[in-house]
Colleague: 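The structure is given below, and queries will be raised subsequently.
Only this structure's heavy atoms are used, side chains among them; waters, hydrogens and symmetry mates stay out.
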Amino acid sequence: SRVDDASHILKVGDSVEAGNAVAVVESVKAASDIVAPVAGTITAVNAPLADAPGDVNADAMAAWFFRIRPAEAGALDGFMDEAAYQALIG
């Protein structure tokens with residue numbers, strides 16, 4: 001697997017729109033876009049992830065791609081927290 005270095009695509013302060021591609025994850029067989037889950041402003045980019053893409057598989061909660069300050073206060077209201085996600089997947 002490989003993570004295209006999001007720091008070449010995103011910069012702190014960039015505005016993003018929900019659903020727009022902001023990075024790419026490549027594996028042996030496919031390339032997948034990482035999309036912004038909400039509209040907002042990029043507050044951090046995890047550039048070291050490009051050199052250690054396996055970290056996403058090892059600990060997805062610790063190996064974040066980027067951080068967004070949502071443009072709207074209620075933008076995250078429909079998202080699950082980790083406990084709800086774990087309950088969903090069993």
Side-chain angles (χ1 to χ4, degrees):
S1 288
R2 189 182 91 144
V3 175
D4 280 357
D5 186 353
S7 67
H8 292 303
I9 299 169
L10 293 176
K11 299 214 179 331
V12 171
D14 283 354
S15 293
V16 296
E17 294 298 322
N20 284 358
V22 293
V24 176
V25 176
E26 294 182 3
S27 68
V28 173
K29 295 183 180 184
S32 300
D33 289 338
I34 301 297
V35 299
V38 297
T41 303
I42 299 298
T43 60
V45 176
N46 189 4
L49 189 60
D51 295 327
D55 289 356
V56 172
N57 294 332
D59 187 356
M61 296 304 288
W64 51 275
F65 288 85
F66 51 86
R67 293 187 177 145
I68 300 174
R69 179 181 301 116
E72 296 181 17
L76 302 177
D77 291 348
F79 286 80
M80 290 184 228
D81 61 14
E82 186 176 1
Y85 179 72
Q86 290 300 327
L88 175 71
I89 64 171

Colleague: Of all the heavy-atom pairs spanning Pro37 and Phe79, show the shortest one and how long it is.
Modeller: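 Where Pro37 meets Phe79 most closely, the heavy atoms are O-CZ, 3.6 Å.
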Colleague: Which heavy atom of Glu17 sits nearest to which heavy atom of Ala39, and what is that distance?
Modeller: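 The answer is OE1-CB, 3.9 Å.
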Colleague: Where is the tightest heavy-atom contact between Val38 and Val16, given as atom of each residue plus distance?
Modeller: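 Taking Val38 first and Val16 second, the nearest heavy atoms are O-CG2, 4.0 Å.
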Colleague: Do you know which two heavy atoms are closest between Phe66 and Ala36, and how far apart they sit?
Modeller: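 So the minimum-distance heavy-atom pair works out to CZ-CA, 4.4 Å.
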Colleague: Nearest 0.5 Å please: distance from the CD1 atom of Ile34 over to the CZ atom of Phe65.
Modeller: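 Between Ile34 CD1 and Phe65 CZ, I get 4.5 Å after rounding to 0.5 Å.
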Colleague: Looking only at heavy atoms, which two atoms of Val24 and Ala31 are closest? And how far apart?
Modeller: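 Heavy atoms only, the tightest pair is CG1-CB, 4.0 Å.
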Colleague: Do Tyr85 and Val35 share a hydrophobic cluster (ILVMFWY, side-chain heavy atoms under 4.5 Å, transitive)?
Modeller: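 Not linked; separate clusters.
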Colleague: Are Ile42 and Leu76 connected in the hydrophobic side-chain network, where two residues link if heavy atoms are under 4.5 Å apart?
Modeller: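 Shared cluster, yes.
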